[in-house]
2 protein chains.
Amino acid sequence: MLFADAPTNSPLPFSQAPDLVRRLNAGAALHPAPRCSQWALNTLCNPADLNADELAQVDSLVCEVRTVQRGANLYRANDPFHSVYVLRSGSFKTVVMHREGREQVTGFQISGETLGLDGIAGGQHRCGAVALERSTVCVIPFEPLENLCREIKPMQRHLHRMMSWEIVREANVILLLGTMRAEQRVAAFLLNLAERYGTRGYSATEFNMRMTRCEIGSYLGITLETASRMFSKLQQERLVHARGKQIRILDSAALARL
Amino acid sequence: MLFADAPTNSPLPFSQAPDLVRRLNAGAALHPAPRCSQWALNTLCNPADLNADELAQVDSLVCEVRTVQRGANLYRANDPFHSVYVLRSGSFKTVVMHREGREQVTGFQISGETLGLDGIAGGQHRCGAVALERSTVCVIPFEPLENLCREIKPMQRHLHRMMSWEIVREANVILLLGTMRAEQRVAAFLLNLAERYGTRGYSATEFNMRMTRCEIGSYLGITLETASRMFSKLQQERLVHARGKQIRILDSAALARL
DNA sequence: CGAGTGCTTGAGCTACGTCAACCATAGTGG
DNA sequence: CCACTATGGTTGACGTAGCTCAAGCACTCG
């Protein structure tokens, strides 16, 4: 109940964000120039080490901010690729389809993180992106972004880092799926989530997960029942306090040691 | 015995490759300008749709071709990142380390494919690359490559495709590790390998795998014993003919249906 | 209030891991 | 040439982590 409808976790992420988001949600989705430069640092639409002039060019790139309702698709697998997206508020899951509708969650994204980079290769998205709650994203048309990257070297560098970062993230998931047992997977998942919340300005020890046990299980390559059991087990071992989606990390060192 | 020392699979990959590789192995590793433009199409160091002038610039970028002995590291995890590599002949595995020396294979690369893109993010390589046989690679210093990408749009497009392609590849591995059972994993592995051999000019139905059962198992998230059992099972089911590392695909449709 | 959704927990089953023996091949040294 | 060793692969026996199926509980929403 405490967290029932809160759109994000309690500590507000960035000082300028609230009124900006309010403006956007009031219908600003159609307006251009949402001033990304006033927003979080080190996201794709606002890299560090740009001068004012260059920042203005980045701002001019983002011509749309889109609101996505809970459960709605930002894009689906096989949609044509035109843009990449930076999550301003809320959270997403990315899913790939197996045959016969069997789906697998390949990642969760929280605010500040980037979506859609998988689409560059084949000109169409290879996975779908579904909002886990009401979320807002910066839409960055990729062709203009590429053009900008040919003009501004730090911007180019930044894009490359973002893409490489995604490669590293996936390699870590592969490591998790290939070598860890269920309890370790859940522990690693929680630590990873905590760290990301931490770097984005939220609490790293207490947060409200937006995904279901089923989605967590899918992401971790286990069943929802096993995921649930592991949450219970970690709780019995006093490593976390888990009450549904509300998580408090009690002993992150021990979690890492598993 | 038939394949004991063959450095690559029998059908030669590209018409210009043999004498080039011979030159390189004869000590040309120190020579600059190895004329990548005369080499395979659609690799990182030779994208399609460049004009002659642009191709010359790409050639001038590759200032070294390196030979890596079987079992040797092209780079190790945590090495500083300076270059990306295109595999000209031979094959590699990429590995990440867990704690306590436990390692996981995150991918296999055959000639024409790209190595090292994971290093861009943090300025150092996150995985190690080990040659599965005597191999040669084009060394492409990344800073000059970035500069070139700001000048030649198709080159930029190409680099982005390569990176995105790697993201998609890893997402597919995640799908495999997250949803498939052992037999399906081995089948998917063989089909993937066959397809890649096919696109690189080798036979797609009969090839000589360079990796051990242990490496295959690690890559597929199963034990070497299970991997071995699955090869035997697929053989009993007449879907493949497997004699050690020598593989012949007998019924790829049935493999895909598993 | 009832229905729907998500979470937890138990009981039994099975796919895969573990451990171990054995074989084939290749390289080494006398 | 033949031991001898090392490496990689196969196969069997057995144990178990996690899956499946099922029941029941907690919340939310119309």
Side-chain angles (χ1 to χ4, degrees), chain A residues 1-6 69-71 93 102 104-105 130 132-134 176-187 189-190 208-237 240-247 258, chain B residues 1-6 69-71 93 98 102 104-105 130 132-133 176-187 189-190 208-237 240-247 258:
Chain A
M1 190 169 288
L2 188 56
F3 291 84
D5 272 313
Q69 297 301 329
R70 176 192 168 129
K93 64 174 174 180
R102 196 170 175 184
Q104 151 101 2
V105 175
V130 181
L132 298 179
E133 60 192 307
R134 194 164 190 274
L176 179 144
L177 292 174
T179 66
M180 293 185 184
R181 283 185 296 88
E183 190 182 17
Q184 297 176 304
R185 295 185 194 198
V186 173
F189 167 72
L190 288 175
N208 180 13
M209 302 187 300
R210 311 310 308 215
M211 57 293 273
T212 66
R213 296 289 188 267
C214 184
E215 287 160 340
I216 294 171
S218 169
Y219 176 62
L220 297 178
I222 57 183
T223 58
L224 70 100
E225 292 96 331
T226 300
S228 177
R229 275 184 252 269
M230 293 308 137
F231 276 108
S232 301
K233 185 150 182 251
L234 292 176
Q235 173 135 300
Q236 275 174 20
E237 295 167 335
V240 305
H241 179 87
R243 198 179 151 71
K245 289 176 172 160
Q246 186 59 20
I247 295 288
L258 282 181
Chain B
M1 188 169 290
L2 188 56
F3 291 83
D5 273 314
Q69 297 301 329
R70 175 192 169 129
K93 64 173 174 181
H98 202 46
R102 196 172 176 183
Q104 152 102 4
V105 175
V130 181
L132 298 178
E133 61 192 306
L176 179 145
L177 292 173
T179 65
M180 293 186 185
R181 284 185 295 91
E183 190 181 16
Q184 297 176 304
R185 294 185 195 198
V186 172
F189 167 72
L190 288 175
N208 180 13
M209 302 188 299
R210 312 308 309 213
M211 57 294 274
T212 66
R213 295 288 188 269
C214 185
E215 289 161 338
I216 295 171
S218 170
Y219 176 63
L220 297 179
I222 57 183
T223 59
L224 69 99
E225 292 94 330
T226 300
S228 178
R229 274 183 252 269
M230 292 310 138
F231 276 107
S232 301
K233 184 148 182 253
L234 292 176
Q235 173 136 303
Q236 275 173 19
E237 295 167 337
V240 305
H241 180 86
R243 199 180 150 69
K245 289 175 171 157
Q246 186 59 20
I247 295 288
L258 282 179

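So that the names make sense, note that chain A is the first sequence line, chain B the second, and so on, each numbered from 1. The shown structure was predicted, so the numbers you read here are calculated from the model rather than taken from an experiment.
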Legend entry - Check against side chain to side chain contact (heavy atoms under 4.5 Å, CB included), A/Lys233 and A/Glu183: CA-CA 8 Å; A/Lys233 185 150 182 251; A/Glu183 190 182 17; 2.9 Å; yes
Inset, instruction - Evaluate side chain to side chain contact (heavy atoms under 4.5 Å, CB included) for A/Gln184 paired with A/Thr179, printing each intermediate quantity in order. - result: CA-CA 9 Å; A/Gln184 297 176 304; A/Thr179 66; over 6 Å; no
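Computed from coordinates, the B/Met209 CE to D/dG8 P distance equals 14 Å when rounded to whole Å. Summarising the geometry, the separation between CD on A/Gln246 and P on D/dT28 is reported as 13 Å, rounded to the nearest angstrom. Look at CZ on A/Arg213: it is 7 Å from C1' on C/dC7, rounded to the nearest Å. The distance between atom NZ of A/Lys245 and atom P of C/dT5, rounded to the nearest whole Å, is 13 Å. When rounded to the nearest whole Å, the span between CD of B/Gln184 and C1' of C/dA15 equals 12 Å. C/dT5 atom P lies 14 Å from atom CD of A/Glu215, rounded to whole Å. Nucleotide D/dT7 holds its C1' atom 18 Å from the CE atom of B/Met211, rounded to whole Å. Put simply, CZ on A/Arg181 is 12 Å from P on C/dG17, counting in whole angstrom units.
Residue side chain A/Arg229 reaches the base of C/dG10 through a donor-acceptor N/O pair under 3.5 Å, judged by distance alone. Side-chain atoms of B/Glu225 stay outside donor-acceptor range of the base of C/dC16, with no qualifying N/O pair under 3.5 Å.
The CG atom of B/Leu220 sits 11.0 Å away from the CE atom of B/Met230 when rounded to the nearest 0.5 Å. Taken to the nearest 0.5 Å, the CD1 atom of A/Ile222 stands 7.0 Å off from the CZ atom of A/Arg185.
An OP1 or OP2 oxygen of D/dT11 is reached within less than 4.0 angstrom by a side-chain nitrogen or oxygen of B/Ser232. The side chain of A/Thr223 places no N or O atom within less than 4.0 Å of a non-bridging phosphate oxygen (OP1 or OP2) of D/dG18. Considering only side-chain N and O atoms, A/Thr226 lies nowhere under 4.0 angstrom from the phosphate OP1 or OP2 of D/dG18.
When heavy atoms are screened at a 4.0 angstrom cut-off, B/Gly221 is found touching the sugar-phosphate backbone but no base atom. Residue A/Arg243 is in sugar-phosphate contact alone, with no base atom involved, counting any heavy-atom pair closer than 4.0 Å across all strands shown. Note on B/Ile222: only backbone sugar-phosphate atoms sit closer than 4.0 angstrom, heavy atoms only; bases stay farther off.
Remark: the backbone N or O of B/Thr223 is not paired with any side-chain donor or acceptor of B/Arg213 at under 3.5 angstrom.
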